[in-house]
Visitor: 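Can you keep this structure in mind? I'll have questions shortly.
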There are 2 protein chains.
Amino acid sequence: MAERPAPQPRRKRPRAGGVSLTSRAYEAIRSAILSGELPLGGPISGRGLARRLRMSLLPVAQALRQLENDGLVESRPRAGTVVRMPTAEDIRGHYVIREALETQSARLFAERATIAERRELRAMAAALDTLYAGKGGARQDANRTHATFHHRIAECAGCPELVSAIEKSHVLVLNWLYNSAADFHPPPRRWHRDLAEVLTRDDPEAADRKMREHVRFGLETVLRRLAASQRLADAAPRVFIRQRRRRQSSAKNPIQPTKPKR
Amino acid sequence: MAERPAPQPRRKRPRAGGVSLTSRAYEAIRSAILSGELPLGGPISGRGLARRLRMSLLPVAQALRQLENDGLVESRPRAGTVVRMPTAEDIRGHYVIREALETQSARLFAERATIAERRELRAMAAALDTLYAGKGGARQDANRTHATFHHRIAECAGCPELVSAIEKSHVLVLNWLYNSAADFHPPPRRWHRDLAEVLTRDDPEAADRKMREHVRFGLETVLRRLAASQRLADAAPRVFIRQRRRRQSSAKNPIQPTKPKR
DNA sequence: ATCCACACACTGATATATCAGTTTAACGTT
DNA sequence: AACGTTAAACTGATATATCAGTGTGTGGAT
């Protein structure tokens, strides 16, 4: 193999905080999706993100692949990537999993939570019911607190895998909820207090049943909101914005390579 | 920006079968791990795999990242990647998830399976019990059939997400089992027939209870085998094999760049 | 005016090369 | 012989460049 010319020196960019660029890209894109900055069903440009995040395309591509694995985005190999718009069937399927995980979490909580943890849960439930009863402005707070509530149940169940599985599950649901502020129906007034009461009663079977009921109610809520989201998405169909083309040079002129700038 | 020399032309390698190289790498590495070709706790060289699979490092790196996400391998950023060796705590955590998913699957089967599917399941259970009762040679078959058995239950439950979640779960368990052929204890003689009998009885609660018992038995089995695996792994500590170094040129001779061949 | 083909910009996928960190074998010292 | 030192060799991570496929809009044909 002939010698290669010396490559030009490259500016080195020290890594920030010791985390890999791919992880940073993953977190950044994920939070952009969850915050609604990248709307449901909207297109994602890998190169655009790479420019915005000041990194090469590669970490972004890896992050997108991971997000696809998580079910947050959808990538068609040479055409583009979009934020995944779930179908009603997807959501039902997801809730089957969620029901499985949450009921298991409830069982373990009922078996293993300490006295202090049970007291804490009852307090959280009361606060949560109050938030939901409040006026519309508190709904985002309520959603976040609701996630924390379930997260705490899983933590007290004492199984890290369960915690992370449930967290991943909540991420998807939050994503589906945030993007449609309309059609909000508050849950029954004592909804979470009733749940906490049963969970803290030291009866795993009863905890399982009550949690199952709780999750199924959540399914109805999300399905309602999905319909609203889809109405919005259909009104603004996803489209890739492209640069204006230059006028075509009439006919048989195969030269003019004219690299696009940059 | 000075002009760069023209890059040498690159042989193009058309993609085989339309699947991305990353997916091929993922499948190849995964199956190499599951078949035991890459032993539990053993080191994995990204570059070595890339050479073997006739592709660049990049798809392999992406595949490894995905496998890390699945919990099959473990990567220390600049030091190397190894096939993940689970701790007993990992396995217990994993089985909490598995119990959640399988009991949900059992419930749905009891609710929704057709008559034909119920008959099929009883037949599979009988065949499976026979396999386990046979002599040691049939054990790999038995393990595979066992996976199929649970897979079928999930399929009949009618939820694709549940099927894939359970499948992913089984992959890990199979991995942990395959690599320790010792300490095999067959399950009770009518173990799967009893399970199938309850599942086909149209009583979701009973199906849940029976499946829970079934899964917990599996946990004991895997824990026993893990102990055997670890004894083996401790005997042969993981080590990276490196090329022999050339003799150091005595002292203050900073020349001799002598690129390593290839 | 309507329709269709084609060029071009843009997409993700991949190859190559380099970087910066880690491991370990060979060396020199004790 | 046992023990720290050190640099070769190897690791995953990332940048850059190219490839090959897609979708859109322009422009010519009808």
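Quick note on labels: first sequence line is chain A, next is B, and so on, each numbered from 1.
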Visitor: Show me the donor-acceptor pairs within less than 3.5 Å that the side chains of residues 59-73 of chain A make with the rest of the protein, sequence neighbours left out.
Guide:
unit_1  : atom_1 : unit_2  : atom_2 : d
A:Glu68 : OE2    : A:Ser75 : N      : 3.4
A:Asp70 : OD2    : A:Tyr26 : OH     : 2.3

Visitor: Any donor-acceptor pair under 3.5 Å joining the side chain of B:Arg76 to the base of D:dG12?
Guide: no
Visitor: Would you please confirm or rule out a distance under 4.0 Å between OP1 or OP2 of C:dG12 and any side-chain N or O of A:Arg65?
Guide: no
Visitor: Nearest to the side chain of B:Arg78, heavy atoms from C-beta on, is which of C:dA13, C:dA20, C:dA15?
Guide: C:dA20
Visitor: From C:dT14, C:dA15, C:dT23, pick the nucleotide closest to the side chain of B:Ser20?
Guide: C:dT14
Visitor: Please report the distance, rounded to the nearest Å, between CG in B:Leu57 and P in D:dA17.
Guide: 19 Å
Visitor: Below 4.0 angstrom from OP1 or OP2 of C:dT14, is there any side-chain N or O of B:Thr22?
Guide: yes
Visitor: Please, which pairs that meet salt bridge (Lys or Arg N to Asp or Glu O under 4.0 Å) have at least one residue in residues 154-164 of chain B, sequence neighbours excluded?
Guide: B:Arg152-B:Glu155
Visitor: What is the distance, to the nearest angstrom, from the CG atom on B:Leu21 to the C1' atom on C:dT16?
Guide: 15 Å
Visitor: Closest nucleotide of DNA chain D for B:Leu58 versus for B:Gly48: which of these residues is on the 5' side?
Guide: B:Gly48
Visitor: Might you work through the ring pair (Phe, Tyr, Trp, His ring centres under 6.0 Å) test for A:His170 and A:His151, ending with a clear yes or no?
Guide: CA-CA 9 Å; A:His170 266 284; A:His151 189 93; 8.5 Å; no
Visitor: Nearest heavy atom decides the nucleotide; on that basis, is B:Arg47 or A:Arg47 closer to the 5' end of DNA chain D?
Guide: B:Arg47
Visitor: Using the rule given for salt bridge (charged side-chain N to carboxylate O under 4.0 Å, His left out), can you reason through A:Arg92 versus A:Glu89, listing the C-alpha separation, both sets of side-chain angles and the distance that settles it, and then say yes or no?
Guide: CA-CA 5 Å; A:Arg92 264 185 264 270; A:Glu89 219 33 59; 3.6 Å; yes
Visitor: For D:dC10, does OP1 or OP2 lie under 4.0 Å from any side-chain N or O of B:Ser45?
Guide: no
